[in-house]
Number of protein chains: 2
Amino acid sequence: MVPNKHDPSRLERICQAKGVKMTGQRRLIARVLSDSEDHPDVEQVYRRAFAIDSEISMATVYRTVRLFETAGVIERRDFGDGRARYEAARGDHHHHLIDLDNGKVIEFRNAELEGLIEAVALELGYRLEGIRLELYGMSAPRSAEEAHTRTKQLQARLAQAVRDRRPR
Amino acid sequence: MVPNKHDPSRLERICQAKGVKMTGQRRLIARVLSDSEDHPDVEQVYRRAFAIDSEISMATVYRTVRLFETAGVIERRDFGDGRARYEAARGDHHHHLIDLDNGKVIEFRNAELEGLIEAVALELGYRLEGIRLELYGMSAPRSAEEAHTRTKQLQARLAQAVRDRRPR
DNA sequence: CTGTAAATGCAAATCATTCGCAGTTGCAGG
DNA sequence: CCTGCAACTGCGAATGATTTGCATTTACAG
Ligand SMILES: [Mn+2]
Ligand SMILES: [Mn+2]
Ligand SMILES: [Zn+2]
Ligand SMILES: [Zn+2]
């Protein structure tokens with residue numbers, strides 16, 4: 001493979017920082033995943049990489065994606081359609097809502113939710129090590145104000161509930 | 001298959017009430033799932049059924065389990081280990097916490113959590129149609145390193161168990 | 001340069017699950 | 001009791017995602 005003389009992608013830098021040995025195809029895959037804003041499956045990663053440099057195979061994409069995941073550079077997602085998806089690991093842990101009409105994936109993050117989930121685990125006597133949360137829904141147009149108000153009310157109530165139930 | 005003269009299982013009654021056509025092997029599978037308190041995968045369902053009456057095949061278990069799921073009699077679970085699990089549908093929708101030490105599955109239910117999740121979906125402009133929530137935790141607080149090590153060990157152990165379970 | 005370990009590409013193997021098809025079964029109607 | 005047909009079943013082969021064995025290539029330390 002022709003050595004890549006372009007500037008390293010964000011993921012390539014992270015790999016280097018973590019001591020992951022880089023090669024031409026690994027750099028290519030790191031670039032593809034850095035540039036992807038969605039949650040591509042392995043075949044999509046392969047296609048995007050192949051489009052840039054055809055010196056790449058599915059087997060290598062599978063191996064590299066596993067390597068990157070183990071190194072914590074990317075994260076594997078399972079949206080229930082039988083294939084693994086990947087995305088660059090960002091600091092925040094967010095969750096996903098899958099639009100049942102068009103398959104679009106909406107990301108979200110909610111501290112109350114996170115806190116409540118952790119409280120639930122604690123109440124069961126466990127220290128939370130991981131969460132997998134996916135929502136499936138159909139787009140339902142309605143007033144954003146109303147939704148927001150309801151959420152705030154609920155969150156206030158829940159915050160109290162969490163406080164009440166936190167041990168110690 | 002020898003007609004079953006025993007009293008119908010809970011799931012068999014529910015199937016009948018829903019107008020699902022029953023046969024010998026469907027009754028058998030309904031009984032197995034009625035009697036199961038865990039979350040068996042298809043192979044486990046097959047083994048348990050086979051132990052009662054060997055006139056059953058994997059293909060039929062797969063077909064029946066799909067039929068029952070479509071009818072809403074049982075529910076499919078995905079614990080991320082690459083195979084589907086099933087359990088009788090109860091009224092409550094509960095979630096699962098997987099013990100990283102021993103693989104045990106703890107069920108839980110939490111109305112606040114449910115409400116907050118729904119509110120989140122609403123705020124995103126969606127009507128919630130489904131939730132997938134699994135928690136992974138350890139029963140005693142420990143260091144992150146140890147947690148990771150244990151997770152890896154567990155995964156290796158589970159993979160081996162799956163391999164061992166498969167004869168020939 | 002050279003030698004060696006690691007990485008790659010290809011094809012074959014796995015694994016859970018589905019499907020085609022030929023034989024079987026369960027009745028509805030006679 | 002028969003009969004006929006649609007539904008059901010078992011078997012093995014197909015599927016689709018993922019992994020792996022192996023021969024070849026690459027990276028690079030010495
Ligand atoms: Mn998370
Ligand atoms: Mn899955
Ligand atoms: Zn995401
Ligand atoms: Zn359950």
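Convention: sequence-line order gives letters A, B, ...; per-chain numbering from 1.
A:R85 pairs by the salt bridge (charged side-chain N to carboxylate O under 4.0 Å, His left out) definition with A:D81, not counting sequence neighbours. Qualifying salt bridge (charged side-chain N to carboxylate O under 4.0 Å, His left out) partners for B:R76, counting only residues two or more places apart in sequence or in other chains: B:E69. Take B:E114 and apply the salt bridge (charged side-chain N to carboxylate O under 4.0 Å, His left out) test, not counting sequence neighbours, and it matches no residue.
Rounded to whole Å, the distance from CG on B:L28 to P on D:dT9 is 11 Å. If you take OH of A:Y46 and P of D:dT19, they are 17 Å apart, rounded to a whole angstrom. If you take CZ of A:R83 and P of C:dA16, they are 19 Å apart, rounded to a whole angstrom. With rounding to whole Å, A:D53 atom CG is found 12 Å from D:dT26 atom P. When the P atom of D:dC8 is taken as reference, atom CD1 of B:I56 falls 14 Å away, rounded to whole Å. Rounded to whole Å, the distance from CD on A:E69 to P on D:dT18 is 11 Å. Note: CG (B:D78) to P (C:dT17) measures 9 Å, nearest angstrom. Whole-Å rounding puts the A:E55 CD to C:dG9 C1' distance at 10 Å.
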Are there any protein N/O atoms within less than 3.5 Å of an N/O atom in nucleotides 5-7 of chain C, and if so, which ones and at what distance?
unit_1	atom_1	unit_2	atom_2	d
C:dA7	OP1	A:R26	NH1	3.2
C:dA7	OP1	A:R26	NH2	3.2

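The nearest heavy atom of DNA chain C to B:A84 and to B:M22 marks one nucleotide each, and the one closer to the 5' end goes with B:A84.
Within the structure, ring pair (Phe, Tyr, Trp, His ring centres under 6.0 Å) contacts touching residues 71-92 of chain A (residues at least two apart or in different chains) are A:H39-A:F79, A:F79-A:H96. Sorted by first and then second residue, the salt bridge (Lys or Arg N to Asp or Glu O under 4.0 Å) pairs involving residues 98-107 of chain A (not counting sequence neighbours) are A:R90-A:E107.
Between A:Y62 and D:dT19 there is no side-chain N or O to OP1 or OP2 distance below 4.0 Å.
Note on ring orientation: taking the six-membered ring where Trp is involved, the planes of B:H95 and B:H93 are perpendicular (angle over 60°, cut-offs 30° and 60°).
Relative to the side chain of B:R63, the nucleotides C:dC21, D:dT20, D:dT18 differ in distance, and C:dC21 lies closest.
Counting only heavy atoms from C-beta outward, the side chains of A:R132 and B:D78 approach each other to under 4.5 Å.
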